[in-house]
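This report refers to the structure that appears directly beneath it.
On a predicted model such as this, the values are computed, not experimentally measured, just so you know.
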Amino acid sequence: MGKGGEKGEEEGEYEKMLALYNWEEIQKHNSKTDKWLVIDRKVYNVTNWALKHPGGRRVISHYAGEDATDAFQAFHPDLIFVRKFLKPLLIGELAPGEPNQDRQKKTELVEDFRALRKTAEDMKLFKPDMVFFSLYLGHLFLLEFLAWLTLSYFGTGWIPTLLTALIMATSQAQSGWLQHDFGHLSVFRSSKWNHLLHKFLIGHMKGASGNWWNHRHFQHHAKPNIFNKDPDVNMLKMFVLGDVQPVEFGKRKIKYLPYNYQHEYFFLIGPPLLIPVYFYIQIMTTMITRRDWVDLAWATTYYIRYFTTYIPFYGFFGSIVLVVFVRFIESHWFVWVTQMNHIPMNIDDEKHKDWLSMQLDSTCNIEQSSFNDWFSGHLNFQIEHHLFPTMPRHNYYKIAPLVKSLCDKHGLNYQVKPLLQGFKDIIGSLKKSGDLWLDAYLHK
């Protein structure tokens with residue numbers, strides 16, 4: 001028999017030797033030192049691989065002990081390539097008679113969502129429009145040029161300086177949305193080119209770290225609004241979120257701040273400080289402690305370019321004041337856009353929901369308009385982005401009606417609201433959570 005036949009026989013024998021597991025056994029392997037997960041009914045031991053996982057060890061660890069099929073498909077645009085890394089991790093498969101889903105997840109709902117994903121693939125909605133992304137990148141370069149030109153032509157008076165700061169903040173915010181696209185591997189077919197442009201945008205254009213962003217943001221997508229898994233709801237005890245955490249804090253008499261006023265002090269320590277203080281301390285600390293010299297080098301090129309451009313206008317200390325002010329403006333933009341889709345939604349401990357239900361439970365949309373699309377980097381389609389994170393953003397509006405139809409079929413709440421209502425709901429949600437905390441603190 002030829003080599004091909006021998007190889008086929010070997011693979012067949014290997015398949016026969018696979019151990020069979022039930023969900024009860026698989027769910028036991030969800031600790032820091034013992035991690036199993038299931039993809040397409042195959043059982044994988046990812047304990048050691050988690051340490052080498054390109055997306056970070058935490059994001060893959062969050063699925064230990066459960067089915068990760070939909071998350072696996074959502075994060076990896078080239079499934080054929082990444083399956084090569086799965087093969088050595090294979091230890092068995094679900095026993096015959098075991099359901100495809102763990103923890104009583106609804107099979108029909110899961111299958112309908114996977115059919116929707118197949119429809120999106122057939123519609124070529126994962127195919128990027130390179131003209132769109134090229135023009136988007138071009139408008140960032142134009143903004144950077146206009147900021148310099150404003151000072152060169154009008155001088156460094158208060159009005160030209162304020163105008164320059166607004167232009168620079170716009171460039172920073174929009175660079176943030178574009179690096180987000182490359183970070184999610186939604187622009188090029190080649191991951192290498194996505195990673196390279198991601199480094200350029202977040203490093204050279206913004207002075208931040210691509211690896212820091214990946215490891216943080218992918219966790220948010222894997223388990224949105226879930227305490228101890230989504231870093232975006234780790235508020236360092238400065239805020240209490242949702243309906244459960246405030247009551248827990250209140251009962252335990254935890255009072256780091258007067259949380260019943262958090263909807264007011266949010267304006268002082270939330271939007272103004274997130275990027276210029278919290279994020280940049282975290283970014284620099286992460287790059288240095290993890291010896292991420294590549295990201296640090298990319299970030300350094302931003303500061304070299306920035307100071308070379310603006311020291312001639314403002315001097316060294318004046319340039320520092322300007323960049324801090326720009327970060328201050330950008331931070332407001334970033335916080336209001338990113339939190340309007342999540343803070344007003346359900347925030348709770350892990351409930352092991354299916355992919356569709358989990359994302360709909362923690363995200364909402366903002367009405368579509370040309371301005372909203374541009375202003376939010378198409379994150380007004382937050383639901384579609386969370387369901388299909390590798391889909392190019394210019395295609396969200398095409399899949400949105402199909403997503404809504406699927407949600408209607410299964411009784412899931414597909415929320416869409418005006419932009420200003422989204423902003424208002426952030427404050428309303430913080431006030432509600434603060435009131436829950438105060439009631440529990442005083443009476444329970």
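Legend: residues meeting side-chain hydrogen bond (donor to acceptor under 3.5 Å, both in side chains) with Asn48, ordered by chain and number and at least two apart, are absent. With sequence neighbours left out, Lys84 forms a salt bridge (charged side-chain N to carboxylate O under 4.0 Å, His left out) with no residue at all. Applying the salt bridge (charged side-chain N to carboxylate O under 4.0 Å, His left out) rule to Asp349 yields no partners; only residues at least two apart in sequence or on another chain are considered. Applying the salt bridge (charged side-chain N to carboxylate O under 4.0 Å, His left out) test to Lys431 and every residue at least two apart in sequence or in another chain returns Asp435. Applying the side-chain hydrogen bond (donor to acceptor under 3.5 Å, both in side chains) test to His204 and every residue at least two apart in sequence or in another chain returns Thr301, Arg305. Residues passing the salt bridge (charged side-chain N to carboxylate O under 4.0 Å, His left out) test with Glu121 are Arg117, sequence neighbours excluded.
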Expected list for residues 124-132: side-chain donor-acceptor pairs under 3.5 angstrom, two or more places apart:
residue: Asp129; atom: OD1; partner: Val131; partner atom: N; Å: 3.0
residue: Asp129; atom: OD1; partner: Phe132; partner atom: N; Å: 3.4

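Legend: side chain to side chain donor-acceptor pair (under 3.5 Å) pairs involving residues 272-282, not counting sequence neighbours, sorted by first then second residue: Trp212-Gln282, Arg216-Gln282, Tyr280-Arg327. Within the structure, the side chain to side chain donor-acceptor pair (under 3.5 Å) test picks out no pair touching residues 255-266 (sequence neighbours left out). Under the side chain to side chain donor-acceptor pair (under 3.5 Å) criterion, the residue pairs touching residues 283-292 are Asn211-Asp292, His215-Arg290, with sequence neighbours excluded. Legend: salt bridge (charged side-chain N to carboxylate O under 4.0 Å, His left out) pairs involving residues 58-77, not counting sequence neighbours, sorted by first then second residue: Glu66-Lys105, Glu66-Lys223, Asp67-Arg114, Asp70-Arg114. Within the structure, every pair that satisfies the side chain to side chain donor-acceptor pair (under 3.5 Å) test and touches residues 400-429, not counting sequence neighbours, is listed here: Asp112-Lys409, Asp112-His410, Asn365-Tyr414, Glu384-Tyr414, Lys404-Asp408, Lys417-Asp425, Gln421-Asp425.
By the 30° and 60° cut-offs, the orientation of the rings of His217 relative to His385 is parallel. Note: His221 and His184 have perpendicular aromatic rings, judged against thresholds of 30 and 60 degrees for the angle between ring planes. Note on ring orientation: taking the six-membered ring where Trp is involved, the planes of Phe371 and Phe375 are parallel (angle under 30°, cut-offs 30° and 60°).
A donor and an acceptor atom, one from each side chain of Ser362 and Asn225, are nowhere located under 3.5 Å apart. Defined by atom type and a distance below 3.5 Å, a donor-acceptor pair is present between the side-chain atoms of His220 and His386. Side-chain atoms of Thr107 and Gln101 include no donor-acceptor pair closer than 3.5 Å. Remark: the Ser370 side chain and the Asp373 side chain contain no N/O donor-acceptor pair separated by less than 3.5 Å.
Ring pair Phe113/Phe388: centre-to-centre distance below 6.0 Å. Residues Trp36 and Tyr21 bring their aromatic ring centres within 6.0 Å.
You'll find the side chain of Phe239 reaches within 4.5 Å of the side chain of Ile269, heavy atoms only. In this structure, the side chains of Lys118 and Asp122 come closer than 4.5 Å at one or more pairs of heavy atoms.
With respect to the salt-bridge test (charged N to carboxylate O, under 4.0 angstrom), the residues Arg41 and Glu93 do not qualify. In summary, Asp243 and Lys432 engage in a salt bridge, as defined by a charged side-chain N under 4.0 Å from a carboxylate O. Comment: Asp40 engages Arg83 in a salt bridge, judged by a side-chain N to carboxylate O separation of less than 4.0 angstrom.
Figure legend: cation-pi geometry between Lys206 and Tyr302 absent, as NZ or CZ is not positioned both under 6.0 Å from the six-membered ring centre and within 45° of its axis.
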Would Asp361 and Ser357 count as a side chain to side chain donor-acceptor pair (under 3.5 Å) here? Give the steps.
CA-CA 6 Å; Asp361 206 33; Ser357 300; over 6 Å; no

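Around atom CD1 of Ile80, no more than 12 heavy atoms belonging to other residues, nucleotides or ligands sit under 6.0 Å away.
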